[in-house]
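Just so you know, these numbers use all the heavy atoms, side chains as well, and skip hydrogens, waters and symmetry mates.
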Amino acid sequence: MCQIYAQADPILYESRTRSVRIMGVITTIKLENLFWQTLAELAADNDMTTSQLIAKLHGEVTAHLGEASNFSSFLRVTCLRYQTLKTQAGYQLKSAATNEKTKAAA
């Protein structure tokens, strides 16, 4: 089991710092490359750039909680939640397709 994780490309867990404008202020965010890739995918799914997505998430979490403490961790959790929801949606789509095939065969 551990080989799947231990043999991951080191580039995926290498950290990268990017500058993003949030509420008119340029700030830096440091995340591992895999999280940057996931944020880019999430942004594309929502017809946004990664910077636009990050600014929107910051605005929403600030509006909800009054602050965005530990924002980098929030972004990591957002990525994991996105992947979980995407996986669940895939299973639901597969299940629906299987049910349709079963109905068609009957």
Subject >> OG1 on Thr78 to CG on Leu80, rounded to 0.5 Å >> reply: 9.0 Å
Original post:
Is Ile54 reachable from Leu34 through a run of hydrophobic residues whose side-chain heavy atoms are each under 4.5 Å from the next?
Top reply: no
Subject >> Those residues that, when tested against Arg21, pass side-chain contact (heavy atoms from CB on, under 4.5 Å) (two or more places apart) >> reply: Ile26
Original post:
With sequence neighbours excluded, what pairs up with Thr27 under the side-chain contact (heavy atoms from CB on, under 4.5 Å) test?
Top reply: Ile22
Would you give me the side-chain donor-acceptor pairs under 3.5 Å for residues 7-14, sequence neighbours excluded?
| unit_1 | atom_1 | unit_2 | atom_2 | d |
| --- | --- | --- | --- | --- |
| Asp9 | OD1 | Ile11 | N | 3.1 |

**OP:** Could you tell me whether the side chain of Ser73 reaches within less than 4.5 Å of the side chain of Arg76, counting heavy atoms only?
**Re:** yes
**OP:** Just jot down the side-chain contact (heavy atoms from CB on, under 4.5 Å) partners of Val77, sequence neighbours excluded, or say none.
**Re:** Arg81
Subject >> Within residues 43-78 or reaching into it, pairs that qualify as ring pair (Phe, Tyr, Trp, His ring centres under 6.0 Å) - sequence neighbours excluded >> reply: His58-Phe71, Phe71-Phe74
Subject >> Non-neighbouring partners of Ser19 that pass side chain to side chain donor-acceptor pair (under 3.5 Å), sequence neighbours left out >> reply: none
**OP:** Mind checking side-chain contact (heavy atoms from CB on, under 4.5 Å) for Ser15 and listing every partner two or more places apart, or none if nothing turns up?
**Re:** Lys30, Glu32
Subject >> ring pair (Phe, Tyr, Trp, His ring centres under 6.0 Å) pairs, two or more places apart, involving residues 31-53 >> reply: none
Original post:
Are the side chains of Gln83 and Gln88 in touch, meaning some heavy atoms are under 4.5 Å apart?
Top reply: no
**OP:** Could you name each residue pair satisfying salt bridge (Lys or Arg N to Asp or Glu O under 4.0 Å) that touches residues 51-69, not counting sequence neighbours?
**Re:** Lys56-Glu60
Original post:
Do the side chains of Leu31 and Leu75 get nearer than 4.5 Å, heavy atoms only?
Top reply: yes
Enumerate donor-acceptor pairs with a distance under 3.5 Å from any side-chain N or O in residues 43-50 to protein atoms, sequence neighbours excluded.
| unit_1 | atom_1 | unit_2 | atom_2 | d |
| --- | --- | --- | --- | --- |
| Asp45 | OD2 | Tyr82 | OH | 2.3 |
| Asn46 | ND2 | Leu42 | O | 2.8 |
| Thr49 | OG1 | Gln52 | N | 3.0 |
| Thr49 | OG1 | Gln52 | OE1 | 3.4 |

Original post:
Hey, what do you get for SG (Cys79) to CG (Leu39), rounding to the nearest 0.5 Å?
Top reply: 3.5 Å
